[in-house]
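First comes the structure, then the notes that go with it.
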Number of protein chains: 2
Amino acid sequence: MITLDYADRRPIYEQVIERMKDLILLGVLATDEQLPSVRELAMDLSINPNTVQRAYAELERQGVIYCVKGRGNFVAGINALKDKQKEELKPQLLELVKKAKKADMTENEFTELVKQFYSQQ
Amino acid sequence: MITLDYADRRPIYEQVIERMKDLILLGVLATDEQLPSVRELAMDLSINPNTVQRAYAELERQGVIYCVKGRGNFVAGINALKDKQKEELKPQLLELVKKAKKADMTENEFTELVKQFYSQQ
DNA sequence: TTAACTGTATTAAGAGTGTTAGTACACTTG
DNA sequence: CAAGTGTACTAACACTCTTAATACAGTTAA
């Protein structure tokens with residue numbers, strides 16, 4: 001279901017968060033569908049249940065999933081997540097634009113890159 | 001010359017690297033101009049000389065500055081740095097575009113944000 | 001030459017974070 | 001009741017960031 005990249009310097013729990021969001025955005029995990037249990041996913045990825053728990057807690061804090069004690073974790077809703085991702089994008093893009101300006105990259109150069117990347121596969 | 005942000009979670013040496021690049025890109029530090037010495041900057045920022053040294057070593061490794069033992073550190077060249085920053089930008093922008101696609105953000109929406117951010121101050 | 005400045009290297013220690021391990025408790029389901 | 005869920009807690013280890021204290025080598029100006 002999920003693959004970890006140990007070459008990635010980011011913490012495992014962050015990778016789990018990102019992959020789960022991807023699975024939801026791709027529609028692999030539908031709204032209200034149950035996620036693998038903490039212990040099951042930990043076993044599957046050969047990591048500690050605490051690490052999975054940390055990822056799930058953060059996903060719940062972000063409103064991406066909801067938890068029912070004794071039953072499991074469930075997908076909260078794909079549209080809310082999409083809107084959330086779009087909002088997250090903005091400050092990150094602003095930082096990139098600032099960096100581009102500092103390096104004297106024109107808006108046209110920048111937009112050309114966007115066009116190129118958007119048409120990519 | 002440089003101000004640190006202790007609310008920023010990133011390591012101090014990374015902040016020093018970024019601020020030095022900014023000073024160079026802004027033209028505050030011209031090509032071949034001497035940077036503050038390791039001990040002087042450390043004193044100025046109230047941090048350890050080792051931390052400054054780490055930042056300077058990384059800046060040299062990236063080709064942003066060059067060091068002469070016994071004399072000091074000097075700015076390598078602003079144009080090379082600008083080109084370097086533009087190249088660094090590309091993979092970061094690609095990741096953002098990927099994220100945007102996943103969230104079903106259209107190229108037009110994205111480009112509109114770019115336009116907005118570019119015209120900002 | 002000497003003194004004071006440069007960069008550079010080394011070792012040790014402390015703080016913080018990420019991860020694992022083990023255990024325990026409460027809730028739900030069959 | 002038993003097995004599965006989420007949740008909480010403590011302890012230990014590894015790694016990184018940072019500081020501290022030296023030490024050494026090169027440069028420069030008095």
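In what follows, chains carry the letters A, B, and so on, assigned in the order in which the sequence lines appear, proteins first and then strands, with residues in each chain numbered from 1.
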Under 3.5 Å, side-chain donor or acceptor atoms of residues 64-82 of chain A against the rest of the protein: list the pairs with distances, not counting sequence neighbours.
unit_1   : atom_1 : unit_2    : atom_2 : d
Tyr66(A) : OH     : Asp32(A)  : OD1    : 2.6
Lys82(A) : NZ     : Asp104(B) : OD2    : 2.4

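Closest to the Asn73(B) side chain, of the nucleotides dG7(C), dA8(D), dT19(D), is dG7(C).
Under a 3.5 Å cut-off, the side chain of Gln15(B) and the backbone N or O of Asp5(B) do form a donor-acceptor pair. The backbone N or O of Gln85(A) sits nowhere less than 3.5 Å from a side-chain atom of Glu88(A) that would complete a donor-acceptor pair. Judged by distance alone, with hydrogens and angles left aside, the side-chain atoms of Tyr118(B) form a donor-acceptor pair with the main-chain N or O of Thr106(A) at under 3.5 Å.
What separates CZ of Phe74(B) from P of dG7(C) is a distance of 9 Å, to the nearest Å. Summarising the geometry, the separation between CD on Gln34(B) and C1' on dG7(C) is reported as 11 Å, rounded to the nearest angstrom. If you measure from atom CG of Leu59(A) to atom P of dT7(D), you get 12 Å, rounded to the nearest angstrom. Rounded to whole Å, the distance from CD on Gln53(A) to C1' on dC25(C) is 14 Å. Taking atom CG of residue Asn48(A) and atom C1' of nucleotide dT23(C), one finds them 12 Å apart after rounding to whole Å. The distance between atom CZ of Arg61(A) and atom P of dT7(D), rounded to the nearest whole Å, is 15 Å. Note: CG (Leu35(A)) to C1' (dT7(D)) measures 16 Å, nearest angstrom. We find that NZ of Lys69(A) is positioned 6 Å from C1' of dC27(C), with the value rounded to whole Å.
Proximity of residues 36-47 of chain A to DNA chain D (heavy atom under 4.0 angstrom from any strand atom) is restricted to Ser37(A), Val38(A), Arg39(A). Using a 4.0 Å cutoff on non-hydrogen atoms, no part of residues 7-17 of chain A comes near DNA chain D.
The closest side-chain donor-acceptor pair between Glu112(A) and Gln116(A), if any, does not fall under 3.5 angstrom. Side-chain contact of Lys21(B) with Gln62(B): a donor-acceptor pair under 3.5 Å is present, judged by distance alone.
Map Gly70(A) and Tyr6(A) each onto its nearest nucleotide of DNA chain C; the residue landing nearer the 5' end is Tyr6(A).
A salt bridge does not link Glu87(B) with Lys84(B): every distance from a Lys NZ or Arg NE/NH1/NH2 to an Asp or Glu carboxylate oxygen is 4.0 Å or more. The pair Glu107(A)-Lys101(A) fails the salt-bridge criterion, with no side-chain N (NZ, NE, NH1 or NH2) lying under 4.0 Å from an Asp/Glu carboxylate O.
The shortest distance between the side-chain N/O atoms of Arg54(B) and the OP1/OP2 oxygens of dC17(D) is below 4.0 Å. Between Thr51(A) and dG18(C) there is no side-chain polar atom (N or O) within less than 4.0 angstrom of OP1 or OP2. OP1 or OP2 of dT28(D) sits under 4.0 Å from a side-chain N or O of Arg71(B).
Enclosure of atom CE in Met1(A) by more than 12 non-hydrogen atoms of other residues, nucleotides or ligands within 6.0 angstrom is indicated.
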